[in-house]
Amino acid sequence: MSCNKANSAKITPELAAGSVASPYFVQVNISQRLCNPVCVDETPVFAPVFSIKGYAEVGTGQYVATIHVEGIISYNPCGSCGCCSKQQNISQDFTVPFASTAAPTSVTIAAGTSVNAISATACQKCSRDFVSETPITLTVA
């Protein structure tokens, strides 16, 4: 992996069970491989901003919303003692499907509080695997 160029994050939106009408509740999982390992007990700072880029009909009563997420992961690499912080940018689009019996006139989004963590296997104190989860509400009118 080259850290001289942007590495795409893996973004997985998951519709909450029972969320079958507007407002839709979606849990967004963002996984990113960091350029440097981070201590598992030093959670990186990441406050993503979500925005709607648009929506399109993909079938009768079936739509897809294109959402943009933007944010900077700030972290201290293992062994840096807080003196050499690093940053990695996330700026990507992802889609969330939804159903609507009538053609939507607007689609809006609201994000909840993000929970960030470093994912590591047992007995490892450092890892490059960053994970962030954010609940979002997609309102279709």
Could you tell me whether the side chain of F94 reaches within less than 4.5 Å of the side chain of T66, counting heavy atoms only?
no
With a 4.5 Å heavy-atom cut-off, do I109 and T137 have their side chains touching?
no
Distance, nearest 0.5 Å, that separates CD1 of I90 from CD1 of I11:
6.5 Å
First locate atom CD of Q87, then atom OG of S74, and finally report the distance between them rounded to the nearest 0.5 Å.
4.0 Å
Looking at F25 and S19, what are the two nearest heavy atoms and their distance?
N-OG, 2.8 Å
Please lay out, stage by stage, how V49 and V69 fare under the test side chain to side chain contact (heavy atoms under 4.5 Å, CB included).
CA-CA 6 Å; V49 175; V69 60; over 6 Å; no
Heavy-atom nearest pair, Q124 first then V40, reads O-CG1, 4.1 Å
Could you pull out the closest heavy-atom pair between Y63 and S100, with the gap in Å?
CE1-O, 3.7 Å
Under the 3.5 angstrom rule, does the side chain of Q92 hit a backbone N or O of S8 as a donor-acceptor pair?
no
Is it the case that the side chain of S22 and the backbone of T139 share a donor-acceptor pair, with hydrogens and angles ignored and the cut-off at 3.5 Å?
no
For a side chain to side chain contact (heavy atoms under 4.5 Å, CB included) with Y75, tell me which candidate from N36, T43, I118, V45 qualifies.
N36
Audit row: V64, V96, side chain to side chain contact (heavy atoms under 4.5 Å, CB included) steps and yes/no
CA-CA 6 Å; V64 65; V96 174; over 6 Å; no
Hey, does I30 have a side-chain heavy atom less than 4.5 Å from the side chain of K10?
no
Mind listing the closest non-hydrogen atom pair of A111 and F50 along with its distance?
CB-CD1, 3.8 Å
Between the main-chain N or O of S91 and the side-chain N or O of H68, is there a donor-acceptor pair closer than 3.5 Å?
no
How about E70 and P48: do any of their side-chain heavy atoms sit closer than 4.5 Å?
no
Any chance you could measure R128, atom CZ, to S119, atom OG, to the nearest 0.5 Å?
14.5 Å
Taking C-beta and beyond as the side chain, do R33 and D129 meet within less than 4.5 Å on heavy atoms?
yes
Shortest non-hydrogen contact from P77 to C84?
CD-O, 3.2 Å
Sequence neighbours left out, what passes side chain to side chain donor-acceptor pair (under 3.5 Å) with N29? Give chain and number order.
S31, E133
Give, for atom CG of N116 and atom CD of Q32, the distance between the pair rounded to the nearest 0.5 Å.
12.5 Å
Would you name the heavy atoms of P104 and F98 that are closest together and state the gap between them?
CG-CE1, 4.0 Å
Nearest 0.5 Å, what's the CD1-CG distance between I72 and N89?
5.5 Å
Does the pair C35 and K86 meet the rule for a side chain to side chain contact (heavy atoms under 4.5 Å, CB included), with working shown?
CA-CA 9 Å; C35 291; K86 301 286 183 182; over 6 Å; no
Could you check whether any side-chain N or O of Y24 sits under 3.5 Å from a backbone N or O of A99, counting only pairs where one atom can act as donor and the other as acceptor?
yes
Q27 CD to T134 OG1 distance, which is reported to the nearest 0.5 Å
7.0 Å
Do L138 and V107 come within less than 4.5 Å of each other through their side chains, counting heavy atoms only?
yes
Under 2.5 Å between the SG atoms: is that true for C78 and C39?
no
Counting C-beta onward and ignoring hydrogens, is there a side-chain heavy-atom pair between T12 and V28 closer than 4.5 Å?
no
